[in-house]
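First the structure, in the form of structure tokens, and then the observations on it.
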Amino acid sequence: MAGHFSHSLSRITPMLTRRPLFFAAALLSLGVLCQPALAQQGPEVTARAFVQETARQLLSVINTNSSLPEKQKLIRPMIDARVDVDGIARFCLGRFWRTASPDQQGDFLKLFHAVLVKSVSGKIGDYNGVTIDVGKAQMRDEGVIVTTTITRPNNAPAQVDWLVVTQAGQPRLADMIAAGTSLRLTTRKDYESYLNRNSNDVSALLAALHKQADSDGGA
Amino acid sequence: MGFARNFVSAVTTAVCLASLLAGCATAPPADDPDAVAEYKENNDPLEPTNRVIYDINDSIDSAVFVPIAKGYRFAVPEPVRHGVHNLLTNISSVPVLANDLLQGNLDGAGDTFARLAINTTIGLGGIIDVANDWGIRQHDADFGMTMALWGVDPGPFLFLPLLGPSNPRDLGGYVGDIAFDPVTYMTGPNWRLFSYSRFGAKAIDARERHLDDLEEIKKNALDPYATLRSLYNQNRAQQIEQARQAREAASGAKDDQ
């Protein structure tokens with residue numbers, strides 16, 4: 001019995017010792033093959049990479065020696081490519097989107113876009129020397145929240161959360177949240193109150209946005 | 001003092017008149033569910049009165065506080081203003097400690113206590129935020145948040161003379177925090193002078209720090225009042241949620257032991 005046992009053991013042992021090696025090799029090759037695929041699949045990973053790249057592009061415009069108008073010229077295509085402007089616009093109009101006529105909807109989207117670009121480019125000058133550290137990403141109902149720490153010279157670091165949604169298969173920025181305050185929700189409340197005080201007339205809002213878009217200097 | 005008393009009574013009279021004239025908001029008709037939901041969400045049944053107070057505040061702000069804050073920014077270099085802000089934060093941190101404890105936020109209380117001890121000594125009375133450089137960050141805790149954790153209802157939104165956006169719970173919290181402050185119980189003219197000076201300095205410091213964002217709101221918002229109301233409500237909700245999470249983390253850690 002003992003002999004038989006030791007005999008089979010001697011046959012099994014090399015297999016056992018070799019097996020982990022085989023597993024390790026298999027896992028490694030699998031890992032190498034799967035890693036990029038996994039990274040593509042995780043919405044948190046995609047969103048985080050998107051924010052990182054957006055921040056990099058944004059900083060490459062802000063922190064250069066080119067003139068302010070030159071910087072502002074570069075910002076617009078970046079907003080078009082990376083921000084879900086139409087989605088934000090519809091969110092901000094809220095329940096009034098449904099009562100607006102198709103013409104008003106179209107005008108609203110156009111004006112909202114202009115006001116947004118203007119407001120972002122108006123702030124570029126204030127952010128010279130800014131750094132953005134990208135932190136963790138978390139899945140939420142409305143999209144992925146990516147936490148960043150934005151540090152401006154002479155200012156305390158501020159935590160800003162970026163909401164990333166998927167628009168036609170592509171990640172897009174949908175909101176920024178600082179100290180619990182959401183940019184798109186605050187704008188929605190602003191529009192809502194303005195409409196309430198102007199007999200819920202969407203054309204009054206359009207006129208006000210027109211004025212904002214045409215006024216000199218964003219902020 | 002005479003000026004201050006006259007000023008306060010003028011504001012009080014203005015507010016009383018405003019409430020009489022403006023009254024309450026009319027609730028939207030019940031057959032418009034969206035509008036009703038919106039009305040409830042804003043939680044601002046005193047809106048017409050609040051708006052009158054907002055307008056009065058805004059005029060006083062533009063005429064008095066903004067010029068003072070701009071003068072302060074112009075005359076005093078940034079590092080000095082930074083030191084003043086640190087000092088004011090440090091000498092007002094006992095109520096924060098009291099609220100950390102009342103909220104069951106033991107980590108927060110430890111941080112606040114350590115910051116007070118480190119900054120008062122090594123930080124030269126609090127001018128230098130040494131504790132922050134050591135990784136102990138400043139956080140807010142007030143009695144309004146504490147009462148929120150106790151389940152006290154905020155009540156309707158209020159826009160208060162001089163104090164700005166609030167609600168009955170947070171106004172009560174403001175009074176409660178005065179009671180938590182040891183300076184309140186100090187007697188003698190020097191402590192009174194200290195108390196008034198600190199109040200004035202905190203007002204100027206806070207106004208200077210918000211010069212840019214408030215100017216931007218007034219310039220870019222279609223309805224600055226509604227924007228401020230929304231910002232206040234969102235910010236308070238987050239502060240209370242963070243305090244709730246800190247309390248849960250503390251009680252969780254205790255359960256694990």
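Chain letters run A, B, ... following the sequence lines, proteins first, then strands; residues in each count from 1.
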Legend entry - chain B contact via Asn196(A) - which portion, at a heavy-atom distance below 4.5 Å: side chain
Inset, instruction - Could you list which of residues 103-113 of chain A have a heavy atom closer than 4.5 Å to any heavy atom of chain B, in residue-number order? - result: none
Legend entry - Any residue of residues 158-186 of chain A which, by heavy atoms, sits under 4.5 Å from chain B: Ala179(A), Gly180(A), Thr181(A), Ser182(A), Leu185(A), Thr186(A)
Inset, instruction - Identify which part of Arg51(B) has an atom lying under 4.5 Å from any heavy atom of chain A, answering side chain, backbone, both or neither. - result: side chain
Inset, instruction - With side-chain contact (heavy atoms from CB on, under 4.5 Å) as the test, would you mind laying out the steps for Asn233(B) and Lys189(A) before giving the verdict? - result: CA-CA 11 Å; Asn233(B) 287 336; Lys189(A) 292 311 242 179; over 6 Å; no
Inset, instruction - Compare every heavy atom of Thr227(B) with every heavy atom of Asp190(A), then report the nearest pair and how far apart it is. - result: OD1-OG1, 3.2 Å
Inset, instruction - For Asp107(B), look at atom CG and say whether over 12 heavy atoms of other residues, nucleotides or ligands are found less than 6.0 Å away. - result: no
Inset, instruction - Please look at Ala237(B) and chain A and tell me whether the side chain, the backbone, both or neither of the residue comes under 4.5 angstrom of a heavy atom of that chain. - result: neither
Legend entry - NZ/Lys218(B): more than 12 non-hydrogen atoms of other groups inside 6.0 Å: yes
Inset, instruction - Answer yes or no: are there more than 12 heavy-atom neighbours, outside His139(B) itself, under 6.0 Å from its atom NE2? - result: yes
Inset, instruction - Take Asp34(B) and Glu192(A), measure what side-chain contact (heavy atoms from CB on, under 4.5 Å) needs, and give me the verdict at the end. - result: CA-CA 11 Å; Asp34(B) 285 334; Glu192(A) 179 188 289; over 6 Å; no
Inset, instruction - Count the heavy atoms belonging to other residues, nucleotides or ligands that lie under 6.0 Å from OH of Tyr39(B), then report whether that count exceeds 12. - result: yes
Legend entry - Within-4.5 Å side-chain heavy-atom neighbours: Arg197(A) and Leu222(B): no
